[in-house]
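Some notes on the structure that comes next.
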Number of protein chains: 2
Amino acid sequence: MALLSYIRRNRKLVPQINKDEALCEMLNGNLPEGDTSLITLFKELDNTIKAEDANVKDGALNNAHGDWYEYLLGIASWNLFVSGDAANLALILPNIRQFDVATLYNEEFCNIIYDLREKIVASTDVELITSNPDFVIVSGDVVRQRVSEFEPITELTTENLNFISSLYQSFVNSCGFDDIIGYIGVKASLRPDRRLQLPHEGSLMKAIYVHLQTRNWIIDPKGLKYYAISRSINDSDRKALRTVATHSITTVHNEPQAAVDEVYAVDSLNSATDVLSRILN
Amino acid sequence: MALLSYIRRNRKLVPQINKDEALCEMLNGNLPEGDTSLITLFKELDNTIKAEDANVKDGALNNAHGDWYEYLLGIASWNLFVSGDAANLALILPNIRQFDVATLYNEEFCNIIYDLREKIVASTDVELITSNPDFVIVSGDVVRQRVSEFEPITELTTENLNFISSLYQSFVNSCGFDDIIGYIGVKASLRPDRRLQLPHEGSLMKAIYVHLQTRNWIIDPKGLKYYAISRSINDSDRKALRTVATHSITTVHNEPQAAVDEVYAVDSLNSATDVLSRILN
DNA sequence: TCGCGCCGGCGCG
DNA sequence: TCGCGCCGGCGCG
């Protein structure tokens with residue numbers, strides 16, 4: 001069937017979803033309505049895919065949900081910045097094998113991070129490992145320095161999805177200490193085990209930031225923010241995400257600091273815009 | 001079919017696996033051979049179950065694998081202690097809603113942990129949350145104080161599974177500072193995201209321990225160990241699990257300390273015995 | 001080929 | 001009822 005261009009079959013005839021094409025084709029190139037529930041929408045898209053090919057595994061849909069959710073948030077962030085209603089921009093990041101987030105900093109700070117990693121490994125065989133955050137928040141200043149065209153995204157096309165997911169490349173080696181405002185951990189859904197990946201990531205990013213600050217005698221820094229966004233969040237999630245960044249509780253000198261600064265439920269493009277205007281201003 | 005006592009159907013006719021019974025019945029009450037690969041074994045058990053009822057979902061099997069793996073490690077630990085070849089005992093822990101690990105400590109230390117949690121929450125609305133570790137390692141001394149019968153487990157029965165998974169109850173309020181030697185994070189398999197739950201847990205348990213030590217002026221403490229065990233471990237897993245406990249890198253005074261002290265691949269009862277004799281001695 | 005980071009569907013108390 | 005903590009099956013570079 002020609003319509004099924006977003007489901008392919010590999011050499012073993014296992015169906016494989018092309019995540020970008022699937023989203024664009026099923027939505028006919030249109031962004032979801034502003035108030036459409038993404039929980040509902042993704043279930044409908046799942047049903048469409050399963051109706052096309054019942055052999056599609058749940059794991060494939062799980063995988064797609066993660067990207068779809070990031071794409072829609074990435075578009076909301078871009079459009080908000082283009083409209084002039086956001087001071088800063090949230091950028092989708094690829095995985096850590098594809099991109100080292102430290103290289104967003106200019107050479108000076110990037111080298112300090114390299115140096116920190118090396119020294120820690122060399123002295124004690126201990127590492128500073130977390131997954132790449134889903135989004136990085138960069139300052140509007142650096143965005144205007146590095147990007148020249150600011151057109152809103154009004155259509156869901158694979159070109160547009162490719163644009164927002166590779167935008168980060170424009171910012172390599174271009175951020176000063178204050179140009180990386182923070183990160184966002186994004187999950188389509190939470191579980192009591194998986195949600196702890198967020199405080200881990202927040203803790204590590206903040207510990208590295210504190211180290212940068214110390215090494216450079218930066219007095220009274222702005223601080224690094226780490227936010228979490230999911231389609232649905234309950235009270236236990238909120239409580240767990242208030243977990244302390246452990247580097248801040250061993251001495252009495254510092255106030256204990258949360259690993260995740262704020263947690264937001266975002267289940268539609270409208271709420272994405274609302275939440276991002278709070279985070280990005 | 002009468003044989004299917006370990007697959008039940010709820011009111012909506014959805015099949016449900018009784019995890020304990022399933023393991024015992026499928027293995028006919030026998031422990032796996034010492035050199036049987038658990039990866040292979042679990043796949044065979046999955047196939048048996050799916051052959052009985054094709055509607056069993058992968059999620060149900062995932063859930064069962066976690067328990068089966070813990071049961072077998074719990075039995076190996078018990079038998080090792082009973083045989084006299086282990087100084088300490090690793091106990092299966094339930095989830096955090098069912099049991100607060102802090103209550104394993106005697107009243108004095110338990111109250112300090114309560115106090116720490118309260119003060120942190122009251123002062124800064126920040127929490128100290130992680131999932132319960134899968135296993136706690138308690139000293140042989142306290143085991144001999146609290147348990148009177150030491151029979152090896154030679155059969156897989158639901159009674160025996162119930163025994164090893166509720167043994168922890170014997171140790172409530174009975175551990176001094178040095179009687180909780182450490183914890184073990186156990187996962188049947190790892191993924192690059194899920195494996196980070198282990199350093200998070202290790203980091204938090206160690207930060208709490210350091211706090212106990214500080215509050216009690218304990219000089220030169222033994223330290224708290226956090227181990228990780230999985231059926232299969234690759235180089236990236238090992239590297240990620242060497243991630244630093246972040247509380248140990250903010251000051252120059254302490255040596256950076258790993259959140260996870262050692263990582264072991266355990267894919268058979270024999271290797272379980274080998275690894276546990278290293279951890280528990 | 002494999003490492004990354006994705007997430008839903010559990011059994012149980 | 002729901003919170004806990006379980007984990008495999010992805011699409012992609």
Side-chain angles (χ1 to χ4, degrees), chain A residues 6-8 10 14-22 39 42-43 46 55-70 93-99 129-134 165-166 185-197 201 230-231 234-237 239-240, chain B residues 6-8 10 14-22 39 42-43 46 55-70 93-99 129-134 165-166 185-197 201 230-231 234-237 239-240:
Chain A
Y6 60 80
I7 304 181
R8 309 233 165 80
N10 66 14
V14 174
Q16 184 149 22
I17 304 170
N18 180 313
K19 292 183 276 186
D20 300 18
E21 286 181 22
I39 293 176
F42 287 9
K43 278 185 189 138
D46 288 355
N55 294 319
V56 170
K57 292 274 215 165
D58 287 348
L61 299 174
N62 295 349
N63 181 308
H65 294 172
D67 266 13
W68 295 345
Y69 193 50
E70 284 196 31
L93 289 173
N95 78 45
I96 205 166
R97 288 294 291 269
Q98 286 167 55
F99 184 65
I129 292 186
T130 185
S131 45
N132 263 5
D134 301 296
S165 50
S166 54
V186 166
K187 292 189 180 296
S189 74
L190 299 174
R191 288 293 180 279
D193 59 330
R194 289 194 289 103
R195 70 188 172 207
L196 298 174
Q197 298 164 206
E201 195 160 274
S230 185
R231 286 181 302 174
N234 63 34
D235 289 346
S236 301
D237 295 330
K239 197 176 167 200
Chain B
Y6 60 81
I7 305 183
R8 308 231 165 79
N10 65 14
V14 174
Q16 183 149 22
I17 304 170
N18 181 311
K19 292 182 279 188
D20 300 19
E21 287 182 22
I39 292 176
F42 287 9
K43 277 184 190 139
D46 288 355
N55 295 319
V56 170
K57 293 272 217 166
D58 287 348
L61 299 174
N62 294 349
N63 181 308
H65 294 173
D67 266 13
W68 294 346
Y69 192 50
E70 284 197 30
L93 290 173
N95 78 46
I96 205 167
R97 287 293 293 269
Q98 287 168 54
F99 183 66
I129 293 185
T130 185
S131 43
N132 262 5
D134 301 296
S165 50
S166 53
V186 166
K187 293 188 180 295
S189 72
L190 300 173
R191 288 292 180 279
D193 58 332
R194 292 194 287 102
R195 71 187 171 207
L196 298 175
Q197 299 163 204
E201 195 160 275
S230 184
R231 287 181 300 175
N234 63 35
D235 289 345
S236 301
D237 296 330
K239 196 176 169 199

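Side chains are part of it too, since the values below use all heavy atoms of this structure and drop only hydrogens, waters and symmetry mates. Each chain gets a letter, A, B and so on, in the order the sequences are listed, and its residues count up from 1.
Put simply, the side chain of B:Asn95 does not reach to within 4.5 Å of the side chain of B:Asn132, judged on heavy atoms. Using a 4.5 Å heavy-atom cutoff, the side chains of B:Lys57 and A:Asp58 are in contact.
For A:Arg231, a side-chain nitrogen or oxygen approaches OP1 or OP2 of C:dG8 to under 4.0 Å. When the side-chain nitrogen and oxygen atoms of B:Arg194 are compared with OP1 and OP2 of D:dG9, none of them lie within a distance under 4.0 Å. A close approach under 4.0 Å does occur between a side-chain nitrogen or oxygen of B:Arg195 and OP1 or OP2 of C:dC4. Not one side-chain nitrogen or oxygen of B:Lys19 sits closer than 4.0 Å to the OP1 or OP2 atom of C:dC12. Considering only side-chain N and O atoms, A:Ser189 lies under 4.0 angstrom from the phosphate OP1 or OP2 of C:dG8. OP1 or OP2 of C:dC12 sits under 4.0 Å from a side-chain N or O of B:Asn18.
Taking only side-chain atoms of A:Asp134, from C-beta outward, the nucleotide of C:dC6, D:dG3, C:dG3 with the closest atom is C:dC6. For A:Asn63, taking side-chain heavy atoms from C-beta onward, the closest of the listed nucleotides D:dG11, C:dC4, D:dC12 is D:dG11. With D:dG3, D:dG11, C:dC10 as the choices, the nucleotide that has an atom nearest any side-chain atom of A:Ala60 turns out to be D:dG11. In this structure, of D:dG5, C:dC12, C:dG5, it is D:dG5 that holds the atom nearest to the side chain of B:Asn132. Considering only the side chain of A:His65, C:dC7 comes nearest among C:dG5, C:dC7, D:dC12.
Distance CG (A:Leu196) to C1' (D:dG5): 10 Å, rounded to an integer number of Å. If you take CG of A:Leu61 and P of D:dG8, they are 19 Å apart, rounded to a whole angstrom. Atom-to-atom, CG of A:Asp58 to C1' of C:dC6 comes out at 14 Å; the value is rounded to the nearest Å. A straight line from CG of B:Asp235 to P of C:dG3 spans 8 Å, rounded to a whole angstrom. For the pair A:Arg8 CZ and D:dG11 P, the interatomic distance rounds to 12 Å; values are reported in whole Å. Straight-line distance from the CD atom of A:Glu70 to the P atom of D:dC12: 14 Å, rounded to whole Å. We find that CG of A:Asp237 is positioned 13 Å from P of C:dC7, with the value rounded to whole Å. Residue A:Lys57 contributes atom NZ, which lies 14 Å from atom C1' of D:dC7 at whole-angstrom precision.
With hydrogens and angles ignored, the 3.5 Å screen pairs no side-chain donor or acceptor of B:Asp134 with any backbone N or O of B:Leu93.
Comparing B:Arg191 and B:Gly66 by the nucleotide of DNA chain D whose heavy atom lies nearest to each, the residue mapping closer to the 5' end is B:Gly66. When each of B:Asn62 and A:Thr130 is assigned the nucleotide of DNA chain C with its nearest heavy atom, A:Thr130 is the one assigned upstream, toward the 5' end. In terms of position on DNA chain D, the residue among A:Ile17 and B:Gly59 whose nearest nucleotide sits closer to the 5' end is B:Gly59. In this structure, A:Gln197 and A:Gln98 both approach DNA chain C, and ranking their closest nucleotides by distance from the 5' end singles out A:Gln98.
Taking a cutoff of 4.0 Å between a charged side-chain nitrogen and a carboxylate oxygen, B:Arg8 and B:Glu21 qualify as a salt bridge.
When each of B:Arg194, B:Arg231, B:His65 is tested with B:Ser189 by the rule side-chain hydrogen bond (donor to acceptor under 3.5 Å, both in side chains), just one qualifies, namely B:Arg194.
When heavy atoms are screened at a 4.0 angstrom cut-off, B:Asp67 is found touching no nucleic acid atom at all. When heavy atoms are screened at a 4.0 angstrom cut-off, A:Asp193 is found touching base atoms of the nucleic acid.
Between B:Leu196 and A:Ser131, the shortest heavy-atom contact is CD1-N, 3.5 Å.
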